[in-house]
Structures are given as C-alpha cells and as structure tokens.
Chemist: 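Handing you a structure now.
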Amino acid sequence: MSKTTWTKIEEILSGNKKDKEVHLRGWIYRTRSSGNIVFITMRDATGILQATVKKGNLPDSEFEDGKKALIESSIELTGKVKEDKRAPGGYELQVTKLNVINFAEPFPIVKDQSPEFLLDQRHLWLRSRKLASILKIRSTVVGAIHTFFRDRGFYEFDAPVLQPNQCEGGSTLFEVKYYNDKTYLSQSWQLYAEAGIFSLEKIYNMGPTFRAEKSKTSRHLSEFWMAEMEAAWMDLHDIVEVGKDEIRFILKQILKNNKNELEILEQDYKKLKQISESEFPTITYTEAINILNEKEGMNIKWGKDLRTLEENKLADYFNTPVAVTNYPVEIMAFYKPRDPKDPKTALCFDMIAPEGYGEIIGGSQRNLDVEDMKKRLKAMGEPVENYKWYFDLRRFGSVPHAGYGLGVERVVAWICGIDNIKDTIPFPRTLLRFRP
RNA sequence: GCCGUCUUAGCUCAGUUGGUGGAGCUCUCGGCUGUUAACCGAGUGGUCGCCGGUUCGAGUCCGGCAGACGGCGCCA
C-alpha cells in the first residue's frame, strides 16, 4: 500500500491541482450547514480552502460527522478540486471522504474579541490568520538578518544570558538567583561582543533580551529579541550604513516572500517597496532639533533626549527610516564616546522608523577611554570593579570599533503595520503579563 | 514613577430616578441542496470583580481593595 500524499492548501489555490483528487489535513476554520450540504472552510499553515460536503458523495456517518464538527476540529479530507467562482480563493474541494481526528470543544474565540481576552487565549489565538501572517513575516525577518550578516562575513557569536553586570542601566534588570549568588538576565549582548571582535572581528547575534522597564506602551516588551552587530575597525559612519542596508535587505526579503501575508494584514506593498529602494537620510541630533523647531513649530531645548512625540514628528517629516547621530553625551550610556569634533555630543545613532514605530536601531562607536568610562560609571553609581574585564579589552590591542542593536519586534510591527508590538511575538511578556 | 479608561452570561456589550438582570454572538435542538464570520424557529447559560457602608430595597449611590487595558517618561 502506498503512503498517502498530503497536499497543502496553497498548492490548490495556485491552481496546480485543478480537477485532481487530493488528500488534505488541517483544521476547521468556518463551517455552515444548509440541509444536505455542509460548507467547511478548512485551514492549514498555508491558507484556507472551502470544502463542500454533500450528502450522497460520502458515507452518511461521515456526512453527519462533518455536520456536527465544530470550529478548530482537526480533520482529514479527500476529494476533487474544482474551480468555482462561489468559493473564496476560486477553488473548492468536493469531499468524498471525511475523517475527524479530534472533535473540538466550542472554541472560546468567536467574532467579538477584546485585547485582554485575546491575550488570555494567546495559545489559541496563535491560529488566527492575523497572527499566523505576522509570525510568518517575523520568521522571514529573522532569517533575513542571519543571511544579511553571514553574506557580509560576520560570524554568529553568543553571549551569556546570565550576566553579572548591567549595561543599559541598573533599574531595568531582571534579577536571577544564581546558586548562592545573584545575577541578571541579559540586557544586551554588547559588552561580551566587544570581547568577541578581537577574535572574530565582525560578529552578530540575535537573541532574547530582558529589560524590566516600567513601560506600558505599544512599543515595549519586557522580553524582546534584539539583533546586534559589533565590528572591529568600523566607525560610526560605517555602522550607520550597515544598519540602513540591513533594513533595506529585510524589506526586500519580505517583499519577495510575504506578499500574501502583507495582503492579509492590509499592508501597502508599494509603500514598503519604495522604502526598500530609498536612501535613508542621516542627520545629527542638532539638525533634528532645528528641523523640529523651524519646520514643525516645536520648541525643544538642545540637550534633552528626543521623546516619542518628537521622534514621530521627525518620522513624519521623512517618509523613510532616518538615522539621527550625535546625541548629547550627557544623556548617553558610559560606553558611548565623545565626538572629538563636537565634544558635547556622542558618536552614537538611533534609527527611527516611519509612522510612529519609534527607535528600531540604537548603536554607537565604542568608548576607548577607560578613565572617562570609570568617571561616568561612578556618576551612575555603578561599581567600577565589575567592569575590570571590560577595561582589559582597552589594554590589550584596543582598536576602534562600533556596533548596534536592532529591535526585531519593532521592525516586524512596522513592516506589518500593526498597532501593538505584543502581536509580533508568540507569547508576549510585558510589565503586567507573563502568562500564558 | 505620573496620568487616564474599564470590570454585568463562554465572548462583545446595553441596563433609565435605587424597585423581580437583558440583547447579539457561541453552544444545544429543529428547518433549509450554494453558503461566504449564512438564514429561519426554539432552548441552555448569571457570585453584576471583591470587601464594607447608606437604604425597606443596591448592577445602579458612597468608601476601600484587586485586576485589566492604554498614554507619558525610559528604551530596541
């Protein structure tokens, strides 16, 4: 006996299986019955397809099973593919064999949904077309990042998730018991990456990052995935260009692989295509302030960080992501060096996404001045002795180097055009939620 | 840390001046041979977030607590 060949729904919708008999397996997406005919819209990972189950075309017991199986029941169907204008997608399956693998209980997620309820039912809501489309795009983004860096000679380099030091500020650390000691979940790969470049020169990494920020916004997660790069011999200008190339590369991969998903999410393909072919502007913080004050009628004092409102105004002013460099050095982390040409500012940059999706990349050249870093760590109240190994990197063949981190979820949210970052990750962790 | 909104059926919500808790959807049963989150008829389903107070009487008024959601700050 030959093994059953299972067909995926996308093959049928492409027209390849017209008038052929196929075997399908998946889940009931919608079902309607009308006397002696039952319409089962079935889904698998690749799409949805209408199946017509008519009494007489299959054994009566199977017809009755089809009639009573509820949404999300898992099923196997056999039948002939017919072109039919009345069916969504233009093709339907005329069922001759129906096997219910599992009769689902009444599915809790129905037409009316609140965000809170959907988060409680996250494990079930993952099956929705919306979430499935976003997760497919996320998968492309993650794959694109690996390809982008590997194609350019970067090695993947892993840092510990349990780290003794802070990197981005002590108040945002998740503390973890470590035998009789304590440690913290990684806030950044960066400090370890700075050790790695002396071995591999160009490295990247993508992994979970934990920040206990008390942020309740549509742009923040307590656990998110950051894609970071670090490279010896590169300066600020070099990494800004790498960042722009990376964004464009990700977009091109999405446009190539996820046209269907963008359609389901009602995202504008042309708009993304245009951005993927654009040059992104680089401006300094000072220029950004001037644009905001002169062109947007705002009144921002030099020296304050750009807030959400200002970033959004700036994003509106350009239609592409924009790189902002040279923020005031006082508001920056200790590892960001002063710009010798403009000592009030740091050799750092943020990439701001269009349409209010905020900072998608943050990076800098790295500080080589140990005394300066010690001074700034002390000012923050950080124990300098914890950074002894890090300062060693400046003692044994120190070189100019730079790196940045890209927020995977923010990029996915921007590409998908969705209003909350929570939907870009299967099980979001936020200030107030860590279940399911 | 600051500010705001919400909490009534499995889901989404309405509930008038304080007077025996409702609708739609889901689900169950019946009908229907082309439906598009179908339609028609019937039915099941309630600790009105919790605690206390006022009152003859509280979903409704008052006080407290809890939870959820969102905005700002901070960040990717």
Side-chain angles (χ1 to χ4, degrees), chain A residues 28-41 48-57 63 67-68 70-72 82 84-90 92 94 104-121 124-125 128-129 167-169 171-172 187-190 206 208-228 243 304-311 327 331-333 349-353 356-363 404-414 419-422 424 430-433 435:
Chain A
I28 296 180
Y29 179 69
R30 301 276 181 263
T31 175
R32 300 172 282 282
S33 107
S34 177
N36 289 330
I37 180 166
V38 181
F39 297 95
I40 293 177
T41 307
I48 62 171
L49 178 76
Q50 174 167 293
T52 54
V53 184
K54 288 185 186 177
K55 197 165 188 175
N57 286 357
F63 176 80
K67 208 167 170 177
K68 73 172 197 238
L70 301 181
I71 284 175
E72 290 304 322
K82 287 286 175 191
D84 196 314
K85 285 198 294 286
R86 293 169 296 186
E92 69 174 26
Q94 298 188 339
E105 293 176 28
F107 201 60
I109 302 173
V110 289
K111 189 169 67 179
D112 298 308
Q113 311 155 342
S114 64
E116 178 190 344
F117 178 70
L118 291 175
L119 283 166
D120 286 337
Q121 304 293 332
L124 301 177
W125 195 40
S128 71
R129 294 199 91 195
C167 179
E168 297 289 329
S171 63
T172 67
Q187 280 179 318
S188 173
W189 161 90
Q190 180 198 322
M206 190 163 14
T209 301
F210 306 89
R211 295 198 184 166
E213 289 164 0
K214 300 217 161 129
S215 301
K216 282 177 282 184
T217 81
S218 56
R219 296 180 313 281
H220 285 86
L221 293 165
S222 302
E223 176 181 329
F224 66 97
W225 283 61
M226 190 143 72
E228 297 177 84
K304 302 201 86 176
D305 205 352
L306 294 181
R307 296 175 305 158
T308 309
L309 178 68
E310 283 103 57
E311 285 179 355
Y327 284 79
I331 57 177
M332 291 290 128
F349 84 107
D350 279 348
M351 186 89 74
I352 298 169
Y357 286 94
E359 295 162 26
I360 48 175
I361 291 180
Y404 65 76
L406 172 147
V408 172
E409 286 77 14
R410 287 194 184 170
V411 169
V412 173
W414 165 52
D419 52 18
N420 199 311
I421 198 166
K422 287 181 194 143
T424 63
T430 65
L431 177 59
L432 297 165
R433 178 182 285 276
R435 300 188 174 90

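The analysis underlying the following values was restricted to heavy atoms, covering all of them including side chains, and did not include hydrogens, waters or symmetry mates. Order of the sequence lines sets the chain letters (A, B, ...), proteins ahead of strands, with each chain counted from 1.
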Chemist: Could you give the distance separating B/C25 and B/G70 at their P atoms, to the nearest angstrom?
Modeler: 29 Å

Chemist: Verify the contact: side-chain N or O of A/Asn57 to OP1 or OP2 of B/U33, cut-off strictly under 4.0 Å; return yes or no.
Modeler: no

Chemist: Of all the choices, B/A76, B/U33, B/C32, which nucleotide is nearest to the side chain of A/Ser33 once you look at every atom?
Modeler: B/C32

Chemist: Closest to the A/Lys422 side chain: B/C32, B/C69, B/G10?
Modeler: B/C69

Chemist: What's A/Glu92 touching, base or sugar-phosphate or nothing? Going by heavy atoms closer than 4.0 Å.
Modeler: base

Chemist: Among B/C75, B/A37, B/G34, find the nucleotide with the atom closest to the side chain of A/Arg32.
Modeler: B/A37

Chemist: Nearest to the side chain of A/Thr217 - B/C27, B/C69, B/C72?
Modeler: B/C72

Chemist: Remember a base hit wins even if backbone is also touched, and classify A/Pro88 as base, sugar-phosphate or nothing at under 4.0 Å, heavy atoms.
Modeler: base

Chemist: Determine whether the aromatic ring of A/Phe39 stacks with the base of B/G34, defined as ring centroids separated by less than 5.5 Å and ring planes inclined by less than 30°.
Modeler: no

Chemist: Between the base of B/C75 and the side chain of A/Arg410, is there a donor and acceptor pair under 3.5 angstrom?
Modeler: yes

Chemist: For B/U44, which nucleotide is its Watson-Crick or G-U wobble mate, given both distances must be under 3.5 Å?
Modeler: none

Chemist: Any chance CG of A/Asp419 has more than 12 other-residue heavy atoms, nucleotides or ligands included, within less than 6.0 Å?
Modeler: no

Chemist: Has the side chain of A/Lys54 got a donor or acceptor atom sitting under 3.5 Å from an opposite partner on the base of B/G34?
Modeler: yes

Chemist: Taking the minimum atom-to-atom distance to the side chain of A/Arg219, which one of B/U35, B/G70, B/C75 wins?
Modeler: B/C75

Chemist: Check whether the side chains of A/Glu223 and A/Thr209 place a donor and an acceptor atom closer than 3.5 Å, and report yes or no.
Modeler: no

Chemist: Just to be sure I understand the rule, does A/Gln50 reach a base, reach only the sugar-phosphate, or reach nothing, if contact means heavy atoms closer than 4.0 Å?
Modeler: base

Chemist: Mind checking A/Ser218 for me? I need base, sugar-phosphate or nothing, with any heavy atom below 4.0 Å counting as a touch.
Modeler: sugar-phosphate

Chemist: Using a heavy-atom cut-off of 4.0 Å across all strands, would you classify A/Asn420 as base, sugar-phosphate, or nothing?
Modeler: sugar-phosphate

Chemist: What is the nucleic acid contact for A/Ile360, judged by heavy atoms within less than 4.0 Å: base, sugar-phosphate only, or nothing?
Modeler: sugar-phosphate

Chemist: With a 3.5 Å limit on both atom pairs, tell me what B/G19 is paired to, counting Watson-Crick and G-U wobble, or say none.
Modeler: B/C56

Chemist: When all nucleic acid strands are considered with a 4.0 Å heavy-atom cut-off, which category describes A/Ile71: base, sugar-phosphate, or nothing?
Modeler: nothing

Chemist: Regarding A/Asp120 and A/Arg433, does a basic nitrogen lie under 4.0 Å from an acidic carboxylate oxygen?
Modeler: yes

Chemist: Could you check which nucleotide pairs with B/G49 in any of the strands shown, counting Watson-Crick or G-U wobble with both distances under 3.5 Å?
Modeler: B/C65

Chemist: Choosing from B/C11, B/G34, B/A37, which nucleotide comes nearest the side chain of A/Ser114?
Modeler: B/C11

Chemist: So that I can tick it off, tell me whether A/Lys82 and A/Asp84 are bridged by a salt bridge, with the cut-off set at under 4.0 angstrom between side-chain N and carboxylate O.
Modeler: no

Chemist: Which nucleotide, in any strand shown, forms a Watson-Crick or G-U wobble pair with B/C25, with both distances under 3.5 Å?
Modeler: B/G10

Chemist: Base, sugar-phosphate, or nothing for A/Ile109, non-hydrogen atoms under 4.0 angstrom?
Modeler: nothing

